[in-house]
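Step one of this worksheet: look at the structure below.
Residue numbers start from 1 in every chain, and the chains themselves are labelled A, B, ... in the order their sequence lines are given, proteins ahead of strands.
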There are 2 protein chains.
Amino acid sequence: MNGSDAVLQALDHAGYHLTGPRRAMAQLIAGRQGRFSAEDLVHAAQREGRPVGRATVFRSLEIFEALGLVERVHLARGEHAYVVCDPARHHHHVVCTRCGRSTDVGDIGIDPITRSIEARTGFRVESHRIEFFGLCPECRGEPAARA
Amino acid sequence: MNGSDAVLQALDHAGYHLTGPRRAMAQLIAGRQGRFSAEDLVHAAQREGRPVGRATVFRSLEIFEALGLVERVHLARGEHAYVVCDPARHHHHVVCTRCGRSTDVGDIGIDPITRSIEARTGFRVESHRIEFFGLCPECRGEPAARA
DNA sequence: CTCAATCCGAGACTCAGTATCGTTCCGGAC
DNA sequence: GTCCGGAACGATACTGAGTCTCGGATTGAG
């Protein structure tokens, strides 16, 4: 089953039009393993011979994010990227600092921690951002790289 | 004891010149409670009658960050800001989504969590970004605000 | 005081992301 | 199958944070 079908189905189900550019976007992100930026998609679409306007890429990503199909992650140096992810489950990501591959880590049991923070600081914690950075299994094995 | 003294001392100790603009910056950040952006400092300096160039503000913040005097945090919507913080202690921040005040929460005991992630995913986790967002004690009490 | 190294500010530049707007496309109704 | 209004499109201008550059000013060691 083509992964892009799921994306299109989600779009349709939420009442969005199934337009050409969106189909293209769906295919592009369905095949991705690691992180990607909006710019990456613009170029990828161009390379595939069905260019999509920059504005449209951002708009689509916004929708995909709202539907929980992709998630925005904030990289180490502050720039950001997207990763495809399993909708509807609370989870976080580990992002490989070398190759960019990312993996869900499921719920890491943050609740007791937020509760202890609330008790200590008096804040009411409403959300959090948690991202882990490191080397994925493949990159661990390789010699210190250039690239 | 003026908090800016500590900043100046750290600068001096690290071999940086103690210039006028840096003194101004030191004073400006020493008094801050919550988060602030580079832009905030530019305006604040201007208001105090000793304007500092934008480039200089960024350069100084970079140095301060390297010295562990301030820390860059990434806000909920992706933009970022700085908070003053206690150098040399592993800790995280809770940032108030209403007023911007921020507080250290010390070490929250993330080690066992990173270890469990390594075991589950095969990644070697080298760093993480953890930020909590919510309402500080003052803002919790107030009626749903404007501004 | 002198002098080289450091640092400064002004402003041009970059780059991601947003806003605008006239045109095009989608898809439900008929 | 055709019509039509709303949704979506692309091109492009704009914005705002952050970086780079460079000639001139400051710092502080000697």
Side-chain angles (χ1 to χ4, degrees), chain A residues 7-28 35-67 70-83 100, chain B residues 7-28 35-67 70-83 100:
Chain A
V7 176
L8 295 174
Q9 207 170 336
L11 276 178
D12 192 29
H13 189 263
Y16 291 103
H17 287 184
L18 297 184
T19 68
R22 284 181 185 161
R23 287 170 199 277
M25 293 277 298
Q27 268 193 15
L28 286 176
R35 62 158 188 251
F36 53 89
S37 66
E39 217 54 29
D40 290 341
L41 294 182
V42 173
H43 294 142
Q46 213 150 33
R47 245 179 286 119
E48 303 224 336
R50 25 180 180 168
V52 175
R54 251 162 51 82
T56 303
V57 170
F58 281 104
R59 275 189 292 244
S60 305
L61 283 173
E62 202 177 323
I63 292 172
F64 292 170
E65 189 185 8
L67 295 179
V70 302
E71 192 166 319
R72 235 173 146 171
V73 297
H74 300 253
L75 271 33
R77 265 192 48 257
E79 72 278 39
H80 39 270
Y82 295 84
V83 295
Chain B
V7 176
L8 295 175
Q9 206 170 338
L11 275 178
D12 192 29
H13 189 263
Y16 291 102
H17 286 184
L18 297 184
T19 69
R22 284 181 185 161
R23 287 170 200 278
M25 293 278 297
Q27 268 193 15
L28 286 176
R35 63 160 189 249
F36 53 89
S37 66
E39 217 55 28
D40 289 342
L41 294 182
V42 173
H43 293 143
Q46 213 150 32
R47 245 179 285 120
E48 301 225 338
R50 24 181 181 168
V52 175
R54 250 161 52 80
T56 304
V57 170
F58 281 104
R59 274 189 293 245
S60 305
L61 282 174
E62 202 175 323
I63 293 172
F64 292 169
E65 189 185 7
L67 295 179
V70 302
E71 191 167 319
R72 236 172 146 173
V73 298
H74 300 254
L75 270 34
R77 265 193 48 257
E79 72 278 39
H80 39 268
Y82 296 84
V83 295

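- One can place CD of B:Glu39 at 13 Å from P of D:dT19, the figure rounded to the nearest angstrom.
- DNA chain D is contacted by A:Pro51, A:Val52, A:Gly53, A:Ala55, A:Thr56, A:Arg59 of residues 47-61 of chain A, taking any non-hydrogen atom closer than 4.0 Å.
- Side-chain atoms of A:Asp40 come within 3.5 Å of backbone atoms of A:Ser37 as a donor-acceptor pair (strictly under, hydrogens ignored).
- Rounded to whole Å, the distance from CG on B:Leu11 to P on D:dG28 is 11 Å.
- Of all heavy-atom pairs spanning A:Val83 and A:Phe36, the tightest one is CA-CE2, 4.2 Å.
- A:Gln46 pairs in a side chain to side chain contact (heavy atoms under 4.5 Å, CB included) with only one of the listed residues (A:Glu48, A:Arg50, A:His43), which is A:His43.
- Atom CZ of B:Arg35 and atom P of D:dA17 are 13 Å apart (whole Å).
- Within the 4.5 Å cutoff, side-chain heavy atoms of B:Leu61 are placed close to those of B:Met25.
- When all heavy atoms of A:Tyr16 and A:Arg22 are compared, the closest pair comes out as CB-NH1, 3.7 Å.
- Here the C1' atom of nucleotide C:dG17 and the CG atom of A:Asp40 are 15 Å apart, to the nearest Å.
- Rounded to a whole Å, the CG atom of B:Leu41 is 16 Å from the C1' atom of D:dG16.
- Atom CG in B:Leu8 sits about 16 Å away from atom C1' in D:dG28, given to the nearest Å.
- B:Leu67 approaches B:Ala14 most closely through the heavy-atom pair CD2-CB, 3.8 Å.
- Rounding to whole angstrom units, NE2 of residue A:His80 and P of C:dC15 are separated by 16 Å.
- Annotation for B:Gln9: atom CD does not count as buried by contact number, only 12 or fewer foreign heavy atoms lying within 6.0 Å.
- Across every non-hydrogen atom of A:Pro21 and A:Thr56, the tightest pair is CB-CG2, 4.1 Å.
- Only B:Tyr16, B:His17, B:Thr19, B:Pro21, B:Arg22, listed by number, bring a heavy atom of residues 15-23 of chain B to less than 4.0 angstrom from any atom of DNA chain C.
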Let's go through B:Val52 and B:Leu41 carefully: what are the C-alpha distance in whole Å and the side-chain angles of both, what is the deciding distance for side chain to side chain contact (heavy atoms under 4.5 Å, CB included) to 0.1 Å, and is it a yes or a no?
CA-CA 9 Å; B:Val52 175; B:Leu41 294 182; over 6 Å; no
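- Between B:Asp12 atom CG and C:dC7 atom P the separation is 12 Å, expressed in whole Å.
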